Amino acid sequence: MSCWPRRATTRSAWLGRRRTPGHSEAKRRGRLWGATGASCSDVSRWFTLPAMGRHSVRSVLQGTSGTEVEVSGWVKSRRTSRGGFSFIAINDGSCFADLQVVADQALPNYDEIVELGAGCAVVVTGTVAESPGKGQDREVQAGEVHVVGHVEDPETYPIAKKRHTFEYLRTVAHLRPRTNTFGAIARVRNTIAQAVHRYFDANGFVWVNTPIITASDCEGAGELFRVTTLGTNHAAQDQEAPSAAGGAGAGGSRGGSPPLEQKDFFGRDTFLTVSGQLNVEPYCLSMSKVYTFGPTFRAENSNTSRHLAEFWMIEPEIAFADLGDLADLAEDFLKSIFSEILRRHPDDMAFFRDRIDPSVIERLANVIESEFVRLEYGEAVDILAASGETFDFPVEWGRDLQSEHERYLTEQHARGPVVVVNYPKDIKAFYMRANDDGRTVAAMDVLVPGVGEIIGGSQREERLDALDGRMTDAVKEELWWYRDLRRYGSVPHAGFGLGLERLVLYVTGMENIRDAIPYPRVPNNASF
RNA sequence: UCCGCCUUAGCUCAGUUUGGUAGAGCAGCUGACUGUUAAUCAGCGGGUCGCUGGUUCGAGCCCAGCAGGCGGAGCCA
């Protein structure tokens with residue numbers, strides 16, 4: 001596992017600032033070139049919109065020769081020619097390609113320019129020209145090269161001009177977006193996220209911002225992180241301690257004192273959400289088509305390449321719909337996202353194909369063009385039993401499908417995405433709708449090669465009596481409002497959860513989910 | 001949480017079998033050369049061998065514990 005950081009990229013945030021009317025071009029220029037260190041006034045000079053004269057590398061490479069441009073970015077490499085000039089490859093994250101800047105020795109700060117190395121930040125003004133060299137159509141003949149930020153020790157700059165392992169790059173997560181791999185991932189991840197919103201908006205869905213802090217510990221998807229102000233806020237605790245302890249000395253709560261959680265911020269136990277589903281259902285049963293898209297937290301002690309403690313989940317929920325409608329939505333949704341990625345990121349995807357996974361483009365194209373294979377759980381069991389494969393875990397109706405089984409179905413049997421529906425009710429959550437056969441529920445998993453389960457969803461139980469039969473008394477009390485929905489205009493509805501990072505893995509061909517999110521949170525590691 | 005593997009220069013690794021205080025490639029630096037583009041060639045500098053303890057005259061190497069990383073499993077998205 002390695003990548004080529006030589007052409008690293010960073011997506012820069014263009015927080016465009018309006019130029020104040022009094023700032024003439026001369027004034028701005030003077031402020032920029034005058035100072036070596038970046039004062040606040042310098043920064044206000046550098047943040048300008050592209051339309052106001054600033055150019056991204058992307059726009060320069062698409063532009064016409066002879067144009068005067070100003071571009072800025074980070075040096076990927078510098079090669080000095082004794083012919084009296086240097087080639088500086090810079091990247092600003094706006095696209096995969098670097099921009100080649102040609103700096104002539106006649107430039108007043110040429111001594112400084114020949115000492116540029118990977119990681120240095122520069123602002124260049126110059127003229128776009130046809131490039132006589134191979135490897136790029138256009139380049140910039142520099143009129144000025146202003147070194148904004150130096151690299152203090154080139155030998156220890158973490159992103160050397162060579163291959164690095166992904167494991168190593170995770171230890172320098174603050175600089176890995178400068179590599180070509182993580183720059184491409186950042187751009188593709190962004191486009192996926194934007195495409196998710198575009199898809200739902202275009203199809204009449206309403207984005208619902210479900211809470212991140214929840215009081216419900218029965219969302220049903222794994223271990224919860226506790227949210228509390230107790231224990232961390234020692235001052236507040238100490239203030240309360242004397243009265244709470246009464247005259248009984250330090251420590252233990254006595255019979256008369258309230259439970260500890262009642263002294264907590266919300267007056268009860270609270271957690272980080274593991275799913276927005278329960279909270280989005282009320283909006284589904286009002287707005288008809290809704291979705292959540294936000295961070296999700298699971299405190300499972302999971303140490304795999306497919307699990308994060310903090311990840312982003314997309315959860316559409318549709319009313320007047322059954323499991324078949326939901327599967328149709330999942331398929332159409334994924335195809336739409338994949339199409340947009342291929343259309344908008346040919347350079348990044350070509351890189352993933354050449355350096356990460358040779359089949360990645362072909363795989364997405366095949367998904368777009370073919371229909372997802374759909375299997376009843378019972379069919380899947382039969383296929384596995386008849387496969388002739390030797391599995392570590394037995395295949396038997398009533399048992400959940402193991403990773404090896406799912407992998408066989410999607411990688412060997414279907415050779416593409418496969419939707420498995422109608423699982424045994426005893427292995428699925430209480431809110432999934434009971435089927436008429438009495439032994440299955442309308443649950444659905446979408447499996448894809450290499451990643452495994454990318455989508456999990458179900459039709460929800462809309463009948464109060466059937467729902468009550470699957471809830472304990474404690475859950476009924478906690479989720480009284482959820483039960484209310486089944487009393488007031490209940491309708492068949494369905495939804496699924498899709499992990500954004502798993503989608504990023506599938507689209508990019510990357511293998512470890514820790515490389516699909518800028519700052520991964522996993523057990524024993526919340527660095528950065 | 002369970003099973004397995006790994007931790008030596010800025011990075012990637014060899015050195016562990018047969019204990020005797022360390023090597024290569026890349027990166028960096030210097031120079032040569034060149035419209036170069038993973039440039040090429042020559043030279044130079046660079047290491048408390050993850051941490052703690054043990055065995056030994058002597059430990060990168062053997063033993064134990066711990067920490068971290070990776071792969072797989074479970075949980076799931």
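The structure displayed is predicted, hence computed values, not measured ones. In the text below, chain A, chain B and the rest are named by the order of the sequence lines, each starting its count at 1.
In this structure, A:Tyr291 has its ring center closer than 6.0 angstrom to the ring center of A:His197. Residues A:Phe333 and A:Phe200 bring their aromatic ring centres within 6.0 Å.
On a pure distance criterion of 3.5 Å, no polar donor-acceptor pair joins the side chain of A:Arg306 and the base of B:C75. With hydrogens and angles ignored, a donor-acceptor pair under 3.5 angstrom links the side chain of A:Gln141 to the base of B:G35. No hydrogens or angles were tested; on distance alone, a donor-acceptor pair under 3.5 Å links the side chain of A:Arg298 to the base of B:A77. Interface remark: the A:His164 side chain does not form any donor-acceptor pair with the B:C11 base, using a distance-only criterion of under 3.5 Å. A donor N or O paired with an acceptor N or O is not found under 3.5 Å between the base of B:G68 and the side-chain atoms of A:Glu167. The base of B:U36 lies close enough to the side chain of A:Gln100 for a donor and an acceptor atom to sit less than 3.5 Å apart. In terms of polar N and O atoms assigned as donor or acceptor, the side chain of A:Ser131 comes within less than 3.5 Å of the base of B:G35 in a complementary pairing.
Considering only side-chain atoms of A:Lys161, the nucleotide from B:A77, B:A73, B:A39 that sits closest is B:A39. With distances taken from any side-chain atom of A:Phe85 to the nucleotides B:A73, B:G35, B:C76, the minimum falls on B:G35. Residue A:Lys162 places its side chain closer to B:C11 than to any other of B:C11, B:C70, B:G74. Each of B:U36, B:G28, B:G35 was ranked by its minimum atom distance to the side chain of A:Glu139; first place goes to B:G35. Checking B:U34, B:G71, B:A73 against the side-chain heavy atoms of A:Arg407 singles out B:A73 as nearest. The A:Tyr168 side chain lies nearest to B:G10 when the options are B:U1, B:G10, B:C75. Across B:G10, B:G72, B:A73, the shortest atom-to-atom separation from the side chain of A:Ser305 is found for B:G72.
Classification of the A:Phe391-A:Tyr408 ring pair by plane angle, with boundaries at 30° and 60°, yields perpendicular.
Rounded to whole Å, the C1' atom of B:G65 lies 25 Å from the corresponding atom of B:G72. Rounded to whole Å, the C1' atom of B:G50 lies 12 Å from the corresponding atom of B:G60. When the P atom is compared between B:A67 and B:U52, the two are found 15 Å apart, to the nearest whole Å.
The nearest whole Å value for the distance from the CE atom in A:Met432 to the C1' atom in B:C76 is 11 Å. In this structure, A:Asp400 places its CG atom 7 Å from P of B:C76, rounding to the nearest Å. If you measure from atom CG of A:Asp98 to atom P of B:U36, you get 18 Å, rounded to the nearest angstrom.
Counting non-hydrogen atoms under 4.0 angstrom, A:Tyr157 reaches nothing in the nucleic acid.
By the 5.5 Å and 30° criteria, A:Phe311 is stacked with the base of B:A77.
Using Watson-Crick or G-U wobble geometry with both donor-acceptor distances under 3.5 Å, B:G68 finds its partner in B:C6.
Between A:Ser302 and B:C75 there is no side-chain polar atom (N or O) within less than 4.0 angstrom of OP1 or OP2. Distances shown here put a side-chain N or O of A:Arg170 below 4.0 Å from the OP1 or OP2 atom of B:C70.
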